[in-house]
Each structure stands twice: as structure tokens, then as C-alpha cells.
There are 2 protein chains.
Amino acid sequence: MQDLEKILENKNVKPTAMRLLVLQLLRNKNAAVSLTDLEDHFIKSDRTTIYRTLKTFVKNEIAHKIVDGTGITKYALCEENCHCEIETDLHVHFHCKICNETICFPKNKIPYIKLPDGYEADNVSLTVTGICDKCNT
Amino acid sequence: MQDLEKILENKNVKPTAMRLLVLQLLRNKNAAVSLTDLEDHFIKSDRTTIYRTLKTFVKNEIAHKIVDGTGITKYALCEENCHCEIETDLHVHFHCKICNETICFPKNKIPYIKLPDGYEADNVSLTVTGICDKCNT
DNA sequence: CACATAAATGCACTTCCGTTGCACTATAAA
DNA sequence: TTTATAGTGCAACGGAAGTGCATTTATGTG
Ligand SMILES: [Mn+2]
Ligand SMILES: [Mn+2]
Ligand SMILES: [Zn+2]
Ligand SMILES: [Zn+2]
């Protein structure tokens, strides 16, 4: 619990109770979580507080936002030394249509995409949908 | 207007007035469109009808659904001879954060992603966000 | 400690999008 | 013409994101 505070302070985020709890949950879970997931888990806390906590985490590069095609925004902790740089830090995500979990594939970096002249990229999202190993056969 | 009917009939979709109009608009527009876009354009038609038209188009492989990170589902016509196969037919999409348009990059096929054992893919989405050529500088 | 200020939280409410149920209408078949 | 089927329109619902404002908690200063 101690180093959780360090993580937040290193990113200039004050370690409030709510933030520590959300951070802890994100770290213990190996799947991406949605705002509703957190709301259901921390039933005593208000949805808005969790919403703003996540927003703060994304802004301060503690967590990253994931678009998995479900229409529901998911969040996962950034890797160590992540700066959310498009060339180096972004990775593939996988969404299982059976168990409905979305997980990070940090080993699978997103390949470079050559865009036509004039186009400028500042973010890339690559999501694979299908069946995960646990749900397969 | 004649060959629009052919397109629908080839996909076993009856060419109703609404379907022909939506198909025509999709073909004349080089950007992906949302349900709301169509609703605003065909103000005399009901939102539900357009919704179901798009659903029919996707099901019958006339159009494909695009996840561009905005949280709003977009649609665009399939390429000629598209069968929405994951290995051959899927391409990159670009979303401009200035003009808010989402366009297809049919030349940029989505590269093969090697998944860990046990994972099975049935869909892939690769979206680049940034500034398009028209909006750049 | 007392007070002033700023940050974080909680509550209520709104808006937007996707979706569904059901009734009505147009089309096609018998 | 009757009957069945497919398409359309209307109304409503539910989930999710987001905002305004009041209240509480933390911080800092004399
Ligand atoms: Mn991730
Ligand atoms: Mn496309
Ligand atoms: Zn699964
Ligand atoms: Zn643009």
C-alpha cells in the first residue's frame, strides 16, 4: 500500500483514499476496467468521483484509456516508464466476446502506419476482438 | 440510380426507397457517416428506419461498421468484392479531431497480429487519430 | 489554534446514442 | 380479394458520459 502513494506522487497526483483504492484495483486486475465496473465495486463511492479519478489518471499518465469496440470506455494502468507516446508506448488490446474482458497485450506494440501526405497522427488504437484463451473450446 | 438497385439485389436486400437513398449517400460521401448524420440529412425519415437500414447493410456486407474512438458508430460502404474477412478485407481508419471526420484508408490493410496461444481473432480494428490533410496547418 | 483558500467529493440533473416493442402500412404471394 | 410477410414510424427505455453546484476535506498562513 505504501508504494501506491509513491506512484501517485511521482505523477503529481495527491494520494486521496479514492485514488489509492482505484489504483490498487487497477494494479491487481489484469483486465481493463470500465467506470461501471468500478462503480459496482466501490459501492460506497460516488460515480462522479470515480469518473474524475480516472480522468485524472489518464491526464497524468497513470492509466490509459482503451477503445475496445464495445462502446464502453475501459481503463488500464500504464506500463512502467510509459509516456503514452504513439511510437513506443502503445500496444494492442484484445476484447473477448464471450467473457467480455478486455486485456492489454503490452508485448504487441502497434506497428507503424504510413499515412498519406498531410496527415498527422497523435494516437493509434488497435483492438482485436474474438475469443480469449480461457473461453476457447 | 439504376445500379444502386443492383448492388442491393446482389446482396439479397430488397431495394426500398430508404435503402436506396442511404446507399446513394454512402457512395457519394468519402467519409464515414453516423446514424445521426443520416438522421439529420433525411429529416423526413425516422431514426429507427435508418438504424435498421444500416444494420441490414452491415449484416449483408454492403457496409462496414467503424469504431473510431469517438464512441459514435460510423458506417462506410464496403469495397468492391469485400467479404469483411479479417485477413484480407479490413483496413485502417483515420479520425480527424479537427473536422471530426472519419475516413477509410483501403490501401492500408491491417497487418497480421500474432496472438498468444489459445486466442482466436474474428475482427480487428485499427484507428489512427490526428489531423487530416485538409485541416493540417 | 483560527481563519482563509484551494482541492476533492457527493448529489442531482442533462444529454446523447443505441436499441426495442408495438402498431401501422406497403408489398408480394396465394 | 384475401393473407402473409417485410418494411416503416412512433414512443419509450436504458446505459453511459458529462456538468453545475453545494458540501466536505485538506492545505497553508498569520
Ligand atoms: Mn493497455
Ligand atoms: Mn472503412
Ligand atoms: Zn474470454
Ligand atoms: Zn480534418
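All values below were derived from every heavy atom in this structure, side-chain atoms included, with hydrogens, water molecules and symmetry-related copies excluded. Below, chain A is the first sequence line, B the second, and so on; all start at residue 1. Since the structure is predicted, the reported quantities are computational estimates derived from the model, not experimental observations.
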Q) Using a cut-off of 4.0 Å between protein heavy atoms and nucleotide atoms, how would you tag nucleotides 13-21 of chain D 5' to 3' with B, S and -? A) ---SSSBBB
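If you take CG of B/Asn60 and P of D/dA6, they are 13 Å apart, rounded to a whole angstrom. The nearest whole Å value for the distance from the CG atom in A/Leu8 to the P atom in C/dA8 is 11 Å. Atom CZ in B/Arg19 sits about 16 Å away from atom P in C/dA26, given to the nearest Å. Between the P atom of C/dT9 and the CG atom of A/Leu38 lies a distance of 14 Å, rounded to the nearest Å. Look at CG on B/Leu20: it is 15 Å from C1' on C/dA26, rounded to the nearest Å. Straight-line distance from the CG atom of B/Leu21 to the C1' atom of D/dG7: 14 Å, rounded to whole Å. Atoms CG (A/Asp46) and P (D/dT24) sit 14 Å apart, rounded to a whole Å. Remark: P of D/dA26 and NZ of A/Lys14 are 11 Å apart, rounded to the nearest angstrom.
When side chains are defined from C-beta on, B/Leu38 counts as touching B/Val22, because their heavy atoms get closer than 4.5 Å. Put simply, the side chain of B/Val124 does not reach to within 4.5 Å of the side chain of A/Thr127, judged on heavy atoms. Put simply, the side chain of A/Tyr119 does not reach to within 4.5 Å of the side chain of B/Asn136, judged on heavy atoms.
B/His93 and B/His64 have tilted rings, their planes meeting at an angle from 30° to 60° on a 0 to 90° scale.
Remark: B/Asp3 engages B/Arg27 in a salt bridge, criterion side-chain N to carboxylate O under 4.0 Å. With salt bridges taken as basic N to acidic carboxylate O contacts below 4.0 Å, none links B/Lys29 and B/Asp37.
For A/Thr16, no side-chain nitrogen or oxygen approaches OP1 or OP2 of C/dA7 to under 4.0 Å.
Of the candidates D/dT8, D/dG9, D/dA6, the closest approach to any side-chain atom of B/Ser45 belongs to D/dG9. Among the nucleotides D/dT8, D/dG7, C/dT9, the one closest to the side chain of B/Thr49 is D/dT8.
Heavy atoms only, all atoms of each residue included: B/Met18 and B/Thr49 are closest at CG-CG2, 3.7 Å.
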